[in-house]
Amino acid sequence: MQQDSKNDISIVLCGAAGQGIATVEELLTKILKKSGLYVFSTSEFMSRVRGGTNSTTIRISSQPVRAYCDRIDILIPFTKEAISHVKSRITQNTRIIGDESLIGEQSFKDCTFLELDFTKIAEMVGNRIYSNVVAVGVLATLFKTDKKLIAEILTEQFHQKGNEIVQRNIEAANKGADVIEEVLMKKPLNLNLNISRDPKISSDLILSGRDAIALGAIAGGCNYVCFYPMAPSTGIASFIAQYGDGFGIIVDQSEDEISVINKAYGAWYAGGRGFATTSGGGFALMTETISLIGVTESPMVINLGQRPGPATGMPTRTEQGDLQLALYAGHGDFPRILLAPGSIEEAFILTQKAFNLADQYQVPVIILSDHYIVNSAYNLPQLTLSDLKIVKHFVKTTEGYQRYQFTETGISPRGIPGYGKGMIRVDSHTHTENGYITEDALIRNKSVEKMMKKLELIKKDAFLPKFVGCNDYKVLIIGWGSNYHIIEEVLVDLHKKEYSVAFLHFLQVYPLPENTLSYLTKAETTIIVENNATGQLANLIKLQTGHEMTHKILKYSGYPFSVEELLKKILLIIRGD
Amino acid sequence: MVEVGIKWESKNIPHWCPGCGNFGALRILKESLIDLKIRPQDTVFVTGIGQAGKFSHFINGNILNGLHGRYLSNAIAIKAVNPQLHVIAISGDGCTYSEGGNHFLHTIRYNPDIVNIVHDNAVYGLTKGQASPTSEIGFITSVQRVGVYNEPFNPIAVAIAQNASFVSRAFVGHPEETKEIIKKALSHKGYAFIDLFSPCVSFNRVNTYQWFRENTYYLDETHDQYDQKMALGKALERKKLPLGIFYLNPKPTYEQNTRIYSQDTRPLFQRELDKEALMKLINKFR
């Protein structure tokens with residue numbers, strides 16, 4: 001792997017839904033970050049509220065670590081099923097810390113096993129409910145975290161529940177800390193956990209993709225959030241519902257997705273900034289309205305959180321299978337913008353900018369996120385707010401105002417009702433400059449051409465792909481959206497092995513930036529990495545540029561690429577050539 | 001008394017069939033608006049698809065003519081984002097009770113401060129004569145060849161059962177009474193629903209002007225408009241259909257419930273993002 005394991009530790013927590021693994025994840029990452037370590041976490045879980053088996057992977061390092069890996073250095077099983085659930089990831093280097101009864105019939109003789117009964121320790125504190133915090137204490141102490149720091153975070157976390165609860169939690173963590181120290185004296189882990197700390201990191205943010213998208217929407221000036229609960233997009237609306245107080249944002253859980261998009265549409269019409277958040281199946285219901293948005297030249301911002309389809313698919317897994325849906329949704333021809341954030345920063349910035357873009361070009365802007373990015377988190381120093389602007393593009397109208405006035409650029413100044421003397425006439429039917437319906441062929445032609453003209457402007461304003469590597473590359477890896485950090489980490493290893501490889505990351509997949517082809521033709525080998533069955537971006541690139549990828553690495557199991565898996569697949573191609 | 005300067009005429013001449021109920025409805029609506037001194041620039045007509053949906057073409061003001069069945073969702077959001085606008089949602093029985101049935105049901109629950117006039121002619125006029133959800137059993141069309149056999153939808157009963165805040169029924173053949181109902185609806189704070197009988201002279205030869213005159217009667221002072229059970233009873237009368245205001249149920253509107261306007265009455269487009277508050281929120285995640 002790209003980092004020696006003494007500098008990069010991977011901890012996996014595995015157990016049933018309802019056992020509080022998410023709490024361990026949250027507390028542990030906060031504590032370790034506060035102590036000056038880089039942290040990353042991502043979770044995979046079943047579509048259940050109780051039971052089943054879920055796992056969270058936490059990576060800790062002295063350098064930024066931001067991608068999912070298969071490797072497990074430390075495994076904490078919470079149920080009997082846990083170990084077999086992650087069996088394929090366990091090696092002889094995996095240390096398992098847990099209650100012996102959880103191992104059961106399985107033989108992992110090669111692994112180091114440390115017997116530690118979290119539940120029993122929790123009961124000593126007063127209740128088995130504290131077993132999570134015991135685990136937090138154990139794990140934090142493995143990294144020699146100061147007890148005072150642990151207590152500080154626990155106080156922050158639980159102070160609303162009263163001092164009694166806070167003290168109990170601190171006691172639980174301390175007990176866990178004491179017990180692991182005792183255990184380690186008898187049986188060392190043989191794992192160097194002496195990861196160098198950087199005090200600057202302690203004040204870093206920890207944000208998930210969900211947090212970043214929601215904050216981006218707030219930063220973009222959204223004031224009408226509309227949604228119908230659907231994994232993996234629900235969290236974005238509930239984040240805004242939870243933290244949006246004081247920003248004057250209406251959060252509306254509507255009766256179905258068709259209502260959702262029509263409300264967000266009505267909001268923009270009246271001068272608001274509507275935001276609809278949904279997943280593939282919900283978006284599919286919105287397609288007629290996408291067409292309405294297109295032809296009436298309304299702004300719109302939609303978060304499409306992708307998950308494996310078709311139909312119900314696997315509700316809580318990940319995929320990049322809706323690019324084509326987002327691209328072609330809505331009958332007829334009209335321009336749109338598709339964005340695909342690959343990092344937490346991009347999730348924030350692209351969502352924020354989406355609102356200005358939508359307002360400026362009067363088109364639907366669809367943000368293609370997915371389960372993986374929404375449910376992954378890491379630390380970062382800040383979210384750049386300094387150059388953040390909310391640019392309102394609507395105008396105050398005068399008498400005789402025409403909403404669809406033909407202009408040089410194809411963009412007509414957009415008025416809103418109740419602001420000025422003009423009347424705002426918007427119609428789903430083909431319409432004149434004045435917003436009245438028409439069946440005149442000449443006007444129809446001009447209206448169609450007007451919309452297509454906008455696309456030319458949008459193309460020029462496209463977010464350029466992010467290029468990583470040096471310019472004399474032989475092999476070019478192409479990715480989009482949430483694969484960014486995974487490919488980025490793989491690239492470091494490829495460079496260490498001295499391959500001439502570079503990486504092109506698309507954060508905007510439609511319209512494609514104009515310099516796309518120039519990157520592709522330079523390479524001898526182009527390898528696209530996508531989480532779908534047909535290579536949806538590869539197909540779009542071929543359609544728009546004529547370039548056919550030499551290779552496609554496609555994954556559609558519902559699980560993200562791991563750095564190990566992707567490295568192996570790329571090496572196979574490069575060595576095979 | 002017409003206020004100088006208020007003009008509701010649009011430059012388009014209505015192209016409905018001669019005798020269409022919509023002509024009367026359009027005239028009555030304009031007169032109501034003038035009486036109440038409402039101005040076109042402060043009004044948004046949100047219409048659906050259907051002959052009634054064409055209202056937006058034949059009246060001055062701001063208009064949003066959206067998709068079949070979805071206009072109520074547009075209307076809720078428009079009002080919520082700028083409550084200073086008069087939002088009048090107009091469409092037909094197909095658009096509202098069939099394609100838009102789910103939105104009709106839930107709009108009642110939200111109680112947005114809008115007026116909803118549903119032109120009920122128990123037929124699909126725009127698409128030339130199929131049955132609508134309110135067509136009576138036995139109504140024969142080119143599709144329902146042995147006559148409608150599905151249970152007619154009763155929007156009045158549904159609205160009352162669901163605690164709508166203003167439930168009424170009117171008939172364009174009675175312009176004065178209809179005008180009074182529309183004016184009351186326009187003045188009502190909350191979702192004001194009018195099921196407006198507006199005969200389709202081309203495709204419904206059963207429920208004609210004459211038929212409506214003979215088969216309706218007005219609720220009078222013996223009817224307690226605040227009594228839900230009584231109102232529901234009236235709504236279930238099918239022999240002779242009651243007209244007038246069935247039910248009044250004043251309650252907080254959607255805009256009030258969101259509390260977005262409790263401290264700040266400005267419409268949302270006038271507001272700015274509080275950058276400091278955003279910074280503070282982001283810092284919570286350190």
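Naming: A, B, ... by sequence-line order, numbering from 1 per chain.
- By the 6.0 Å contact criterion, NZ on Lys389(A) is open, its count of non-hydrogen atoms from other residues, nucleotides or ligands being 12 or less.
- For a residue to count as touching a neighbouring chain, one of its non-hydrogen atoms must lie under 4.5 Å from one of that chain's; by this rule Leu207(A) touches chain B with the side chain only.
- Taking the six-membered ring for Trp and thresholds of 30 and 60 degrees, Phe45(B) and Trp8(B) have ring planes more than 60 degrees apart, a perpendicular arrangement.
- Within the 4.5 angstrom heavy-atom criterion, only side-chain atoms of Lys33(A), from C-beta onward, approach chain B.
- Ring to ring, Phe58(B) and His15(B) are close: their centroids are under 6.0 angstrom apart.
- With a 4.5 angstrom heavy-atom cutoff, Tyr269(A) touches chain B only via side-chain atoms.
- Contacts of Asn60(B) with chain A are made by side-chain atoms alone, with heavy-atom separations under 4.5 Å and no backbone atom involved.
- Thr397(A) does not touch chain B: none of its heavy atoms, backbone or side chain, sits under 4.5 Å away.
- Asn434(A) touches chain B through its side chain: at least one heavy atom from C-beta onward sits under 4.5 Å away, while N, CA, C and O do not.
- Ring geometry for Phe193(B) versus Tyr97(B): interplanar angle over 60°, hence perpendicular rather than tilted (30 to 60°).
- Looking at Ile282(B), both its backbone and its side chain come within 4.5 Å of chain A, counting heavy atoms on both sides.
- With chain B as the partner, the residue from Val260(A), Asp256(A), Leu215(A), Leu383(A) showing the most heavy-atom pairs under 4.5 Å is Asp256(A).
- The closest side-chain donor-acceptor pair between Ser298(A) and Thr296(A), if any, does not fall under 3.5 angstrom.
- Only the side chain of Ile49(B) comes within less than 4.5 Å of a heavy atom of chain A; its backbone N, CA, C and O stay farther away.
- The aromatic ring centroids of Phe394(A) and Trp268(A) lie 6.0 Å or more from each other.
- Both the backbone and the side chain of Ser254(A) come within contact range of chain B, judged by heavy atoms closer than 4.5 Å.
- Contact annotation for Asp42(B): neither backbone nor side-chain heavy atoms come within less than 4.5 Å of a heavy atom of chain A.
- Interface remark: Ile261(A) contributes no atoms to any contact with chain B (heavy atom separation under 4.5 Å).
- Of the atoms belonging to Tyr254(B), it is side-chain heavy atoms, and not backbone ones, that fall under 4.5 Å from chain A.
- Both the backbone and the side chain of Ile78(B) have a heavy atom closer than 4.5 Å to some heavy atom of chain A.
- At a 4.5 Å heavy-atom cutoff, the contact between Tyr110(B) and chain A is made by side-chain atoms alone.
- Residue Gln270(B) touches chain A through its backbone alone, counting heavy-atom pairs closer than 4.5 Å.
- Contacts between Ile218(A) and chain B at a heavy-atom distance below 4.5 Å involve backbone atoms as well as side-chain atoms.
- With hydrogens and angles left out, the side-chain atoms of Tyr247(B) and Asn163(B) include a donor and acceptor closer than 3.5 Å.
- In the displayed structure, Tyr228(A) atom OH is contacted under 6.0 Å by at most 12 heavy atoms of other residues, nucleotides or ligands.
- For the residue pair His429(A)/Asn65(B), the side-chain donor-acceptor check at 3.5 Å is not satisfied.
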**Message:** I'd like to know whether Thr384(A) forms a side chain to side chain contact (heavy atoms under 4.5 Å, CB included) with Phe348(A), so could you lay out the CA-CA distance, the side-chain angles of the two residues, the decisive distance to 0.1 Å, and finally the verdict.
**Reply:** CA-CA 9 Å; Thr384(A) 329; Phe348(A) 174 75; over 6 Å; no
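- Contacts of Lys263(A) with chain B are made by both backbone and side-chain atoms, with heavy-atom separations under 4.5 Å.
- For Leu278(B), the parts lying near chain A are the backbone and the side chain together; criterion is any non-hydrogen pair under 4.5 Å.
- Of the two parts of Gln41(B), the backbone and the side chain both hold a non-hydrogen atom closer than 4.5 Å to a non-hydrogen atom of chain A.
- Heavy atoms of Asn223(A) lying under 4.5 Å from chain B belong to its backbone as well as its side chain.
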